[in-house]
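Data block below; observations after.
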Amino acid sequence: MAQDEARPGSGSTSGDHGSGPASGTVHPGAAHEGADELVQLIDPHGVRHADVRYDELVADVDGPALRRLYEDMVVVRRIDAEATALQRQGELALWPPLLGQEAAQIGSGRALRADDFVFSSYRENGVAYCRGVDLTDILRVWRGNASSGWDPYSINMATPQVIIGAQSLHATGYAMGIIHDGADSVAVAYFGDGATSQGDVNEAMVFAASYQAPVIFFCQNNHWAISEPVGLQAHVPIARRAPGFGIPSVRVDGNDVLACLAVTREALARARAGGGPTFIEAVTYRMGPHTTADDPTRYRDPNELEDWAARDPLARLAALLDSLGLLDADYADSVKAKADATAATLREGCLAMPEPAPSDVFRHVYSEPNSWLDRQQDHYERYLASFAQASQEGSR
Amino acid sequence: MAQDEARPGSGSTSGDHGSGPASGTVHPGAAHEGADELVQLIDPHGVRHADVRYDELVADVDGPALRRLYEDMVVVRRIDAEATALQRQGELALWPPLLGQEAAQIGSGRALRADDFVFSSYRENGVAYCRGVDLTDILRVWRGNASSGWDPYSINMATPQVIIGAQSLHATGYAMGIIHDGADSVAVAYFGDGATSQGDVNEAMVFAASYQAPVIFFCQNNHWAISEPVGLQAHVPIARRAPGFGIPSVRVDGNDVLACLAVTREALARARAGGGPTFIEAVTYRMGPHTTADDPTRYRDPNELEDWAARDPLARLAALLDSLGLLDADYADSVKAKADATAATLREGCLAMPEPAPSDVFRHVYSEPNSWLDRQQDHYERYLASFAQASQEGSR
Amino acid sequence: MPTMTFGRAINAGLRRAMDDDPKVVLMGEDIGKLGGVFRITDGLQKDFGAHRVLDTPLAEAGIMGTAVGLAYRGYRPVVEIQFDGFIYPAFDQIVCQVAKLHYRTQGAVKMPITIRVPFGGGIGSPEHHSESPEAYFTHTSGLRVVSVSNPQDAYTMIQQAIASDDPVLYFEPKRRYHVKGEVDEAAPPSSAMGDARVVVEGTDVTLVAYGPLVSTARDAAIAASDDGISVEVIDLRSLAPIDFRTVEASVRRTGRLVITHEAAQSGGLGAEIAASITERCFDYLEHAPVRVTGFDIPYPYSKLEFHHLPDLDRILDGVDRVLRRPNSLSALDADAAVQR
Amino acid sequence: MPTMTFGRAINAGLRRAMDDDPKVVLMGEDIGKLGGVFRITDGLQKDFGAHRVLDTPLAEAGIMGTAVGLAYRGYRPVVEIQFDGFIYPAFDQIVCQVAKLHYRTQGAVKMPITIRVPFGGGIGSPEHHSESPEAYFTHTSGLRVVSVSNPQDAYTMIQQAIASDDPVLYFEPKRRYHVKGEVDEAAPPSSAMGDARVVVEGTDVTLVAYGPLVSTARDAAIAASDDGISVEVIDLRSLAPIDFRTVEASVRRTGRLVITHEAAQSGGLGAEIAASITERCFDYLEHAPVRVTGFDIPYPYSKLEFHHLPDLDRILDGVDRVLRRPNSLSALDADAAVQR
Ligand SMILES: Cc1ncc(C[n+]2csc(CCOP(=O)(O)OP(=O)(O)O)c2C)c(N)n1
Ligand SMILES: Cc1ncc(C[n+]2csc(CCOP(=O)(O)OP(=O)(O)O)c2C)c(N)n1
Ligand SMILES: [Mg+2]
Ligand SMILES: [Mg+2]
């Protein structure tokens with residue numbers, strides 16, 4: 001039932017069936033010549049290929065800029081590894097690794113302006129890094145110490161959404177507000193391949209198209225939704241979904257940071273110019289487990305992981321830098337040092353995080369006084385006090 | 001924001017924007033050459049046009065068969081008018097007219113086999129007629145006398161769904177059951193243009209594509225969802241939506257009964273052969289109000305109605321029959337007589353409908369005894385009895 | 001003071017809120033040109049523009065989810081759900097987002113969304129058009145829930161709901177839209193939205209109602225007084241949180257409580273009121289609180305709806321019951337007494 | 001009799017139901033190869049095939065709506081909702097379709113759908129993974145709602161739920177999945193699904209619990225007995241309808257009722273139990289029923305969840321309260337007494 005997804009670089013598409021177009025009939029895939037081709041600027045071997053459409057969008061990305069993208073990816077991978085280690089050591093309750101998705105997140109994240117606004121799922125810690133998040137903040141929720149890590153307005157990024165797909169509507173509504181304000185910023189919704197099955201994501205496309213909202217739907221197709229392969233969610237490549245709603249889409253090699261930067265810039269420019277929404281499918285791979293609680297050996301072929309390791313987003317940018325003479329030992333050392341220092345900061349922040357107070361459970365449910373809850377809080381405080389009293393009195 | 005819908009017969013499409021296809025980019029509408037063309041076999045003037053693809057699918061529709069389709073449409077229009085009259089006379093609480101949509105409903109409805117199963121909205125009384133519904137049954141709900149009109153299994157059609165779009169999932173699930181049973185019947189979901197905005201309808205397409213379920217999504221785009229024009233729901237023609245889910249779709253002149261028959265037969269054949277789902281957009285027009293409670297003069301241009309009157313589904317088949325010498329006065333009279341007799345039966349059935357008993361409110365909530373409800377019923381019966389007693393005793 | 005219908009009063013309140021604050025935007029199905037199926041937003045799109053009165057695609061989750069996004073951006077969306085029975089597709093966005101975002105973001109993001117819901121039965125409609133889903137929302141932490149019973153409150157409270165930084169479900173008794181009443185448009189903002197209101201004073205029984213049944217309760221009080229029974233009628237106005245102090249004060253005087261609502265009895269708001277008042281007034285109660293409510297059934301077809309809906313007679317029967325006067329269950333009570 | 005974990009017992013019950021009836025199909029996210037995130041369906045896809053154990057697309061409304069279609073076609077779908085907090089996208093299909101189709105079709109169409117929901121907190125999870133949404137469903141006419149507290153009931157009741165022609169919400173206390181117990185696989189079908197069960201007999205106080213808190217309640221009864229207090233513990237098992245006869249019989253003896261659940265207090269199931277038992281036992285009650293429940297807050301982050309969740313000490317405090325023994329609110333009660 002589930003078709004195999006096209007692999008980046010393979011150039012093949014799948015899921016096409018039926019004959020050619022006929023009078024009045026639309027066959028899925030039939031009329032989409034080239035639609036499933038991946039935008040790729042750097043191939044898995046680190047070779048930069050020319051592209052008539054996208055080269056000019058990244059014309060400014062010179063050697064130093066490429067190095068910054070590389071650094072970002074190395075640092076984010078290190079942050080991710082450190083958080084995974086913290087979870088294994090019992091310092092975090094859970095962690096959703098982004099291993100393998102660095103290029104998709106950095107490439108898109110670095111395209112954004114400070115006044116754009118991001119609505120993401122739980123896995124976009126690389127994007128949060130680009131937004132300038134305080135490192136400790138990305139751990140608060142996973143340590144169980146807070147209901148959220150940061151003030152969304154401080155970095156113009158909503159705190160992670162756990163309900164799959166729900167944030168796509170928030171981004172669309174936010175973008176409707178941007179139109180209303182006459183601003184030229186853009187809202188970006190990040191979600192996964194699995195999310196595309198949710199009604200919310202499809203309704204978001206309806207609203208975005210209807211109001212021509214400046215929103216980007218950035219779908220990281222990492223091939224898995226926990227144990228479910230992408231073919232169960234989408235019978236044809238995901239990027240084909242959006243045009244049916246009147247939204248242009250593009251399929252990009254999600255492991256190519258430069259291509260991700262280029263397509264996101266294109267979408268941003270369209271949105272800023274009043275051209276409405278864009279859907280980006282970044283084809284990538286979740287190299288780790290779904291979360292640290294997951295055991296992917298139960299459901300996926302180890303060979304698949306190997307295949308994808310050969311398309312590693314960091315390795316290919318390293319190869320490109322090397323070919324450009326930009327990856328000398330000194331530089332490599334300095335990047336590693338930066339990554340290690342960042343990881344150390346992360347760990348410190350994690351361990352130094354203050355414990356919440358019991359009465360914090362009652363805070364911020366409402367912004368105004370609430371007689372029901374205030375009474376419950378009063379009663380609970382009396383209850384807690386009764387222990388203090390009891391232990392003073394030495395009884396029970 | 002909302003684009004104008006293409007009109008049947010005009011051949012024009014709208015909502016296309018952006019430039020041609022580019023590397024890796026799918027532009028809505030750009031690559032869909034011909035996708036928005038309407039399948040049309042009988043034009044608004046009653047002229048039959050040849051079609052290489054669809055002619056063979058209706059090769060068996062000879063003169064007598066055309067006459068039967070015509071009769072069906074006349075009778076259904078008469079039923080609809082009678083029900084509207086009954087509402088105006090206070091015999092029904094509400095009625096949702098199908099005026100203008102006869103061809104879409106009869107063309108598709110007559111394509112079905114008895115063992116196919118229909119899941120519809122409130123407006124498909126023409127389809128119910130094709131399924132052989134007892135006429136009184138279509139009025140029960142609108143008279144307020146029952147929660148449903150018929151036993152779905154008696155005519156293989158679910159009772160009307162009021163929650164917009166919900167039935168699309170039921171049809172898909174039913175079709176999954178058909179696969180499981182190894183049968184070759186087909187489930188058909190009818191819904192409107194407005195319904196395409198609902199998450200449910202989009203999720204239904206995900207499931208149908210994923211399991212290759214033998215289901216037909218039959219969307220009657222009647223241009224309006226109460227007061228909202230179709231352009232608010234869909235930025236590009238609705239038929240384009242399905243291919244993005246991996247589902248072939250077709251756009252048909254919904255006022256051409258023969259074309260509707262043809263495309264439905266094609267979809268049925270595909271489904272029976274294991275080819276999975278099909279999406280049909282039947283482009284038609286709601287000539288009446290949304291329901292008898294609605295006042296369309298508040299929101300729509302009377303000229304629009306006039307335009308569509310010129311494309312009336314009955315008139316064009318009458319013109320064709322006439323050109324074939326099949327519409328002599330005797331025949332016309334006999335059709336009218338049949339329609340009048342049917343209307344009389346409908347009216348009789350309506351007026352003779354038995355009133356429900358008070359205790360019916362408690363029936364069928366559960367199929368097994370339920371202590372909470374049984375107690376409430378007992379108490380209510382005692383309550384009702386207390387009045388009888390009181391009036392006997394002459395008190396209060 | 002002008003006299004206006006209930007529906008007009010809400011319209012006037014919306015207009016005033018939109019005049020006062022450019023961040024107020026209305027969203028919903030058919031609310032623009034048509035003015036809503038009940039015409040509550042009549043004329044507002046014409047006067048404020050299509051960018052402030054948005055006809056939305058036909059998708060309730062979409063409406064609610066984009067309202068959340070607008071609230072993120074600093075707007076105060078007022079969402080119309082066309083009928084009570086169509087709120088469920090939006091349930092996930094209401095429960096997981098609207099209700100929780102302030103808590104989730106530790107106060108950083110406010111959700112000043114007002115969700116207007118024409119609710120309740122009695123208008124002879126088909127399925128899904130007559131429901132009373134309020135208990136789903138009163139059980140949802142993070143929401144405020146109100147219901148209005150008269151034009152003045154409707155006018156005042158819609159403005160208060162919109163002004164509140166917390167999300168508010170605003171339940172409108174659709175079968176009362178055409179009821180007229182005086183509306184003081186110059187009245188200073190009162191505490192209406194938070195406080196219950198004693199509609200009729202009385203000493204024997206406390207009768208609690210809200211929304212459409214407030215006028216039925218008032219009629220019942222008048223009828224009871226003919227029998228020499230003094231019923232105090234309280235209009236809750238706020239359903240979450242409930243102003244229990246007002247109810248408690250009344251029950252301490254009367255010792256007897258009857259609650260009425262259209263929603264199904266089991267797990268309905270009446271249960272919370274009965275439980276809370278029993279907790280607060282146990283030593284004052286002469287009888288267990290009595291609930292006069294809809295049955296535990298899907299809302300029935302219209303020919304039977306007036307069996308389902310509490311009416312004056314059923315309420316009076318409940319009043320008799322709480323007073324241990326002869327009532328429809330007297331025989332049962334006698335049986336139970338024998339069993340003891 | 002074999003000893004097995006709670007989770008295994010459900011697995012065995014599902015297996016048995018699938019063996020007995022080829023119309024039983026399982027649907028859900030990750031329930032196939034992975035066996036579900038809690039491994040409850042472990043091995044079933046391997047043994048029964050992918051056509052009877054369906055991994056579904058990630059869309060809860062889609063799962064529920066297609067289950068309705070399968071039921072129309074004569075199947076008995078058993079749907080797994082991955083976590084309590086993810087049931088809301090399916091809410092519309094549950095409330096408007098699953099619950100109402102039998103009524104709507106006047107009995108012609110049966111909806112024998114079982115909806116399995118791992119629910120409740122205490123496992124240190126992030127948001128949406130620890131909720132107790134049962135009251136939304138117990139207030140929904142047309143549904144049956146049950147919750148299981150031990151492996152034997154889990155095994156028996158999953159089969160009864162599947163065999164029922166009415167739709168059943170089957171709430172599984174996820175934090176007890178690893179608890180072991182004896183399971184008699186040959187036991188004849190009992191009345192488990194309909195009847196409450198007296199877990200511990202007692203004479204002073206009736207303590208009502210269900211799901212995850214039954215074992216906490218049992219521990220509380222043991223602790224109370226050290227203080228010379230005899231607590232009768234009742235496991236409701238069925239939450240809608242509740243077997244009030246069993247609770248009523250107990251309260252008539254003890255005169256005192258404590259109810260505990262994890263869900264928020266306001267509008268929770270405890271309100272219905274308190275209200276109904278007060279109605280049925282008013283003259284026997286020595287004190288108002290006491291509710292020991294979660295607070296009216298979104299489920300909190302894990303470092304604070306054990307403040308939110310009722311535990312042994314909070315239950316004992318409630319027991320003290322209902323007995324008018326010194327408790328955390330004694331000072332308040334004294335104040336109130338002075339005010340009188
Ligand atoms: C509404 C809802 N249903 C189910 C889940 C449980 N769940 C959490 S992550 C996940 C898979 C998501 O897959 P995808 O969208 O591809 O994102 P990825 O995890 O691959 O980044 C599921 C099913 C959820 N969080 N929300
Ligand atoms: C979930 C839901 N939301 C809103 C409504 C109210 N409503 C009834 S019909 C209708 C318009 C439907 O339009 P369309 O799908 O085009 O079908 P048509 O009436 O044109 O046949 C609306 C909004 C509803 N029945 N269900
Ligand atoms: Mg994924
Ligand atoms: Mg329509």
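Only this structure's heavy atoms are used, side chains among them; waters, hydrogens and symmetry mates stay out. Order of the sequence lines fixes the chain letters, A, B, ..., with proteins taken first and strands second; residue numbering starts at 1 for each chain.
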Hey, do the aromatic rings of [X] and [Y] have their centres closer than 6.0 Å?
X	Y	value
B:Phe119	B:Tyr174	yes
D:Tyr75	B:His180	yes
D:Phe91	D:Phe137	yes

Using non-hydrogen atoms only, which part of [X] is less than 4.5 Å away from chain B: side chain, backbone, both, or neither?
X	value
D:Ser238	neither
D:Ser276	neither
D:Ala240	both
D:Asp92	side chain
D:Gln106	both
D:Ile63	both
D:Ala67	neither
D:Lys23	side chain
D:Tyr72	both

Q: Side-chain contact test, heavy atoms from C-beta onward, threshold under 4.5 Å: evaluate it for D:Val79 versus D:Met64 and give yes or no.
A: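 A side-chain contact exists here, since the closest heavy-atom pair is under 4.5 Å.
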Q. Where on B:Ala158 is there a heavy atom nearer than 4.5 Å to chain D: the side chain, the backbone, both, or neither?
A.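 Contact with chain D involves both backbone and side-chain atoms of B:Ala158.
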Q | Interface moiety of B:Gln167 toward chain D, non-hydrogen atoms closer than 4.5 Å | A |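 Interface part for B:Gln167: neither.
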Q | Plane angle bin for B:Trp142 and B:Trp95 - parallel if under 30°, tilted between 30 and 60°, otherwise perpendicular | A |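 Judged by the thresholds at 30° and 60°, the geometry between B:Trp95 and B:Trp142 is perpendicular.
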Q | Heavy-atom donor-acceptor pair, D:Gln45 side chain to D:Lys33 backbone, under 3.5 Å | A |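 Yes, the answer is positive, given that a donor and an acceptor are paired below the 3.5 Å cut-off.
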**Q.** Minimum-distance pair of heavy atoms, taken over all atoms of D:Ala196 and D:Ile234
**A.**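 In this case the closest contact between D:Ala196 and D:Ile234 is CB-CG2, 3.8 Å.
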**Q.** Selection from D:Ala59, D:Ser164, D:Pro57 maximising heavy-atom pairs under 4.5 Å formed with chain B
**A.**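 Answer, by heavy-atom pair count under 4.5 Å with chain B: D:Pro57.
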